[in-house]
Amino acid sequence: QVQLVESGGRLVQPGGSLTLSCATSGFDLDFYAIGWFRQVPGKEREGVSCISVRDSTNMYADSVKGRFSVSGDNAQKRVYLQMNSLKPEDTAVYYCATNTYPGLGCSIIGLGTARYTYWGQGTQVTVSS
């Protein structure tokens, strides 16, 4: 059974840093890309980042490039999203997700929500002074 559980969200001041964790089970991280997404009330869920753990390739939305960094550890079955220089507009519920396409990397899966099948429950990140 595929499961993803996010953690690490909290209140942080603008300019601060935070690391989110996505604990996975039921599948091999080496074969499935993992995406990070975020959503604020009243808006569509948007893609933030994607990682293919096996070949360490990744992808970022323009809004977070240079500030966020994604990494993964198949031995620990975890994917991390390191967020630096946080801004109030980064406030959202953050989700990790995976798909059902083994071997397809982020360059093909992309950051669109339609390609992702399994989702975690989300973790709230609030950036505010």
Side-chain angles (χ1 to χ4, degrees):
Q1 182 180 0
V2 174
Q3 287 191 318
L4 303 101
V5 179
E6 305 91 339
S7 62
R10 61 175 175 85
L11 173 65
V12 62
Q13 291 190 340
S17 297
L18 196 59
T19 299
L20 304 182
S21 176
C22 174
T24 72
S25 61
F27 65 100
D28 191 332
L29 270 182
D30 270 351
F31 292 103
Y32 296 90
I34 300 292
W36 281 99
F37 298 80
R38 64 187 182 186
Q39 189 170 24
V40 297
K43 292 190 175 181
E44 291 188 358
R45 193 168 296 186
E46 65 168 340
V48 173
S49 181
C50 175
I51 183 170
S52 299
V53 174
R54 178 172 58 176
D55 56 10
S56 298
T57 58
N58 49 50
M59 175 184 290
Y60 298 95
D62 288 343
S63 58
V64 305
K65 275 181 185 176
R67 300 189 298 121
F68 289 13
S69 177
V70 63
S71 62
D73 184 337
N74 195 22
Q76 297 292 326
K77 294 193 175 298
R78 285 183 177 269
V79 174
Y80 303 94
L81 184 68
Q82 172 69 41
M83 305 185 294
N84 299 322
S85 302
L86 282 163
K87 305 175 181 180
E89 51 263 43
D90 294 318
T91 295
V93 177
Y94 283 72
Y95 301 87
C96 59
T98 192
N99 58 84
T100 58
Y101 307 104
L104 296 186
C106 294
S107 61
I108 298 176
I109 295 295
L111 294 177
T113 57
R115 291 287 184 92
Y116 293 81
T117 306
Y118 302 100
W119 295 81
Q121 83 290 346
T123 186
Q124 175 71 49
V125 172
T126 302
V127 184
S128 175
S129 55

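- Rounding to the nearest 0.5 Å gives a distance of 9.0 Å between CD of Glu89 and OG of Ser63.
- Taking the six-membered ring for Trp, Phe27 and Tyr118 have ring centres at least 6.0 Å apart.
- Using modelled atom types, one side-chain atom of Glu6 and one backbone atom of Gln121 make a donor-acceptor pair closer than 3.5 Å.
- In plain terms, the two heavy atoms of Gly47 and Phe37 that are nearest each other are CA-CD2, 3.4 Å.
- Nearest heavy-atom pair, Gln124 versus Thr91, reported as atom, atom and distance to 0.1 Å: NE2-CG2, 4.0 Å.
- Across every non-hydrogen atom of Tyr116 and Gly35, the tightest pair is CE2-N, 3.5 Å.
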Indicate every side-chain donor-acceptor pair of residues 98-113 with a distance under 3.5 Å to a residue at least two apart or in another chain.
{"residue": "Thr98", "atom": "OG1", "partner": "Ala33", "partner atom": "O", "Å": "3.0"}
{"residue": "Asn99", "atom": "OD1", "partner": "Tyr101", "partner atom": "N", "Å": "2.7"}
{"residue": "Asn99", "atom": "ND2", "partner": "Ala33", "partner atom": "O", "Å": "3.3"}

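- Judged as a salt bridge (Lys or Arg N to Asp or Glu O under 4.0 Å), the pairs with a partner in residues 27-41 (not counting sequence neighbours) are, in order, Arg38-Glu46, Arg38-Asp90.
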Donor-acceptor contacts, no H, no angles, side chain residues 10-21, under 3.5 Å, sequence neighbours left out:
{"residue": "Ser17", "atom": "OG", "partner": "Asn84", "partner atom": "OD1", "Å": "3.0"}
{"residue": "Thr19", "atom": "OG1", "partner": "Gln82", "partner atom": "OE1", "Å": "2.4"}
{"residue": "Ser21", "atom": "OG", "partner": "Arg78", "partner atom": "NH1", "Å": "2.6"}

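- Taking each heavy atom of Trp119 and Arg45 in turn, the nearest pair found is CE3-NH1, 3.2 Å.
- For the pair Ser69/Tyr60, a side-chain contact is recorded, criterion being any heavy-atom separation below 4.5 Å from C-beta on.
- The shortest side-chain heavy-atom distance between Tyr94 and Cys22 does not fall under the 4.5 Å cut-off.
- The aromatic ring centres of Trp36 and Phe68 sit 6.0 Å or more apart.
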